[in-house]
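Just follow the structure's listing: the first ligand is 1, and inside any ligand the first atom is 1. By convention here, the first residue in the shown sequence is residue 1. The analysis underlying the following values was restricted to heavy atoms, covering all of them including side chains, and did not include hydrogens, waters or symmetry mates.
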Amino acid sequence: MQRKVRVRFAPSPTGPLHIGGVRTALYNYLFARQMGGDMILRIEDTDSQRFVPGAEDYINEALAWLGIGIDEGVREGGNYGPYKQSERRDIYREYVGRLLDAGKAYMAFDTPAELEAARAATPNFQYDASTRMQMRNSLSLPPEEVKRLIEAGEKYVVRFKIEPGREVKVNDMLRGTVSINSSILDDKVLYKKADDLPTYHLANIVDDHLMEVTHVIRGEEWLPSAPLHVLLYEAFGWADTMPVFVHLPLLLKPDGKGKLSKRDGDRLGFPVFPLEWHDPKSGEVSSGYRERGYLPEAVVNFLALLGWNPGDDTEIMSMQELIEKFSFEHCSRSGAKFDFEKGKWFNHKYLQEMSGERLAQLFKPVMAEHGVDPAAFDDEYIVRAVDMVKSRINFVSDLWANAAFFFVEPESYDPKAVKKRWSVDTPRIMGELIEVLEGAPDFSSAALEPVVLGWIADKGYHLGNVMNAFRLAVVGECKGPHMFDITELMGLDATVRRIHLAVERIPKAE
Ligand code: GLU
């Protein structure tokens with residue numbers, strides 16, 4: 001019988017979620033939604049040494065911001081909980097017991113000093129079939145001694161007893177069957193009596209099984225652990241329901257070789273975290289996509305294409321389209337270069353697609369930051385202003401540099417442009433222009449343009465000089481959208497006022 005698809009994203013709350021982890025979560029989500037399956041969020045917090053306060057909230061907030069929906073988890077609940085590993089100690093204890101009873105695991109009492117000595121004595125020492133009988137464990141010690149040590153409360157760990165000489169096969173959807181010989185594996189620690197907690201490997205397998213996970217989709221860095229995971233599934237007698245593995249390729253540095261790191265982000269000036277992160281210990285702040293002004297849809301689209309393509313050159317895809325088109329067949333096996341310029345391009349594209357109303361809403365706080373009260377303007381005015389300049393922006397915050405003049409009169413005038421375009425004659429010509437504007441029957445862009453251009457031609461004035469002086473007066477510099485679109489939006493009074501102001505303020509040329 002075909003099992004219902006169930007996938008899990010299983011982060012460890014050891015810090016902010018890296019952008020590579022976000023991509024892993026996204027691929028899990030896309031696949032689950034496409035298959036009508038379930039998406040689980042499991043918090044793997046068995047390593048108390050590496051626990052970082054705030055990291056779990058951060059993970060939830062980041063996924064919610066991006067629209068990566070979770071069906072079962074700590075917050076969402078579900079029938080397979082608890083979804084936080086530190087709350088599942090009883091379960092792990094039971095399963096460790098099962099392996100011990102079946103002789104598939106054993107207790108090891110070696111102290112750190114003894115392990116150190118073994119490592120010093122034997123080059124490339126590995127705790128495995130070839131060495132375990134020389135160590136202090138429940139296989140090498142007499143049963144009475146083992147009993148005595150346990151009763152005396154000695155600390156021990158439980159190790160997985162790996163049988164050497166076996167071919168272990170991992171079925172990976174991207175890589176096919178990966179085979180390794182079990183002799184190269186060591187007897188991994190599965191459980192530590194001292195803190196009554198399992199290690200990652202045991203907890204991960206027991207949970208994947210109990211939570212009926214069908215596909216393990218995770219980063220390539222976990223591929224070396226997969227043979228051990230296969231052996232654990234077998235040791236428990238769960239081989240029939242072994243999940244399919246998908247080890248996703250790494251995200252690589254934008255330049256050069258190797259894995260994308262936080263340092264690359266700092267060096268090249270882009271975030272590697274979805275949200276801003278305030279390190280609770282060091283106080284260090286790391287920038288996030290959200291705070292940098294990225295739209296969640298753009299980040300999702302950008303990340304989806306880092307390691308996958310839809311089979312053609314379509315680039316702009318909504319979450320719904322990604323869900324429909326996603327397939328592991330079109331996932332690449334080699335690492336994906338993290339092209340952050342492309343990330344900006346996606347943001348630019350999404351801003352172009354956005355309705356003027358939404359863009360205006362996003363712009364209002366930016367106006368307020370710059371000391372302009374958005375309530376002082378009609379919504380319609382703000383919408384039309386941002387619409388006129390949006391083709392020039394990558395981020396909402398860029399709107400200010402491009403649209404500020406719609407909301408504040410120029411306080412200064414670009415000196416270079418003044419030098420080039422403002423001559424002794426200009427004030428007189430601007431006076432005439434005011435008369436032309438006031439006399440125009442219709443102030444719309446299309447109607448006003450021929451009137452003004454006609455006047456310039458009739459008078460034999462220099463078109464570039466007059467139009468640039470006009471622009472300088474209204475905008476403060478010689479750039480911006482089409483001049484008559486600007487005047488249409490500002491209206492006659494504001495336009496004329498600005499020309500008067502410029503004539504008063506721009507120093508007379510000598
Ligand atoms: N807790 C592991 C991590 O932090 C999970 C790896 C896995 O998905 O198996 O990535």
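At a 3.5 angstrom cut-off on N or O pairs, Val216 does not count as close to ligand 1.
Among all non-hydrogen protein atoms, the one lying nearest atom 4 (O) of ligand 1 is Ser12 OG, 3.1 Å. From the protein, the heavy atom lying nearest to atom 5 (C) of ligand 1 is Ala10 O, 3.1 Å. In this structure, the protein non-hydrogen atom closest to atom 10 (O) of ligand 1 is Trp222 CZ2, 3.3 Å.
In summary, the aromatic rings of His201 and Tyr191 are positioned with their centroids too far apart to meet the 6.0 Å limit.
For Arg8, the heavy-atom gap to ligand 1 drops under 4.0 angstrom. Heavy atoms of Tyr200 come nearer than 4.0 angstrom to ligand 1 in at least one pair.
Between Glu220 and Arg175, at least one side-chain nitrogen of the basic residue sits less than 4.0 Å from a carboxylate oxygen of the acidic one, meeting the salt-bridge criterion. A salt bridge is absent between Asp240 and Arg3: the closest approach of a Lys/Arg side-chain nitrogen to an acidic carboxylate oxygen does not fall below 4.0 angstrom. Using a 4.0 Å cut-off between a side-chain N of Lys or Arg and a carboxylate O of Asp or Glu, Lys84 and Asp45 do not qualify as a salt bridge. With salt bridges taken as basic N to acidic carboxylate O contacts below 4.0 Å, one links Asp255 and Arg267.
With Val299 as the partner, the side chain to side chain contact (heavy atoms under 4.5 Å, CB included) test is satisfied by one option alone out of Leu66, Asn347, Leu26: Leu66. Partner of Asp207 under the salt bridge (charged side-chain N to carboxylate O under 4.0 Å, His left out) criterion, out of Arg6, Arg42, Arg8: Arg42 alone.
For ligand 1, the atoms lying closer than 4.0 Å to a non-hydrogen atom of Glu44 are 1 (N), 2 (C), 5 (C). Interface of Asn204 with ligand 1, defined as ligand atoms under 4.0 Å from a residue heavy atom, comprises 7 (C), 9 (O).
Contact annotation: for Thr14 versus ligand 1, there are no heavy atoms closer than 4.0 Å.
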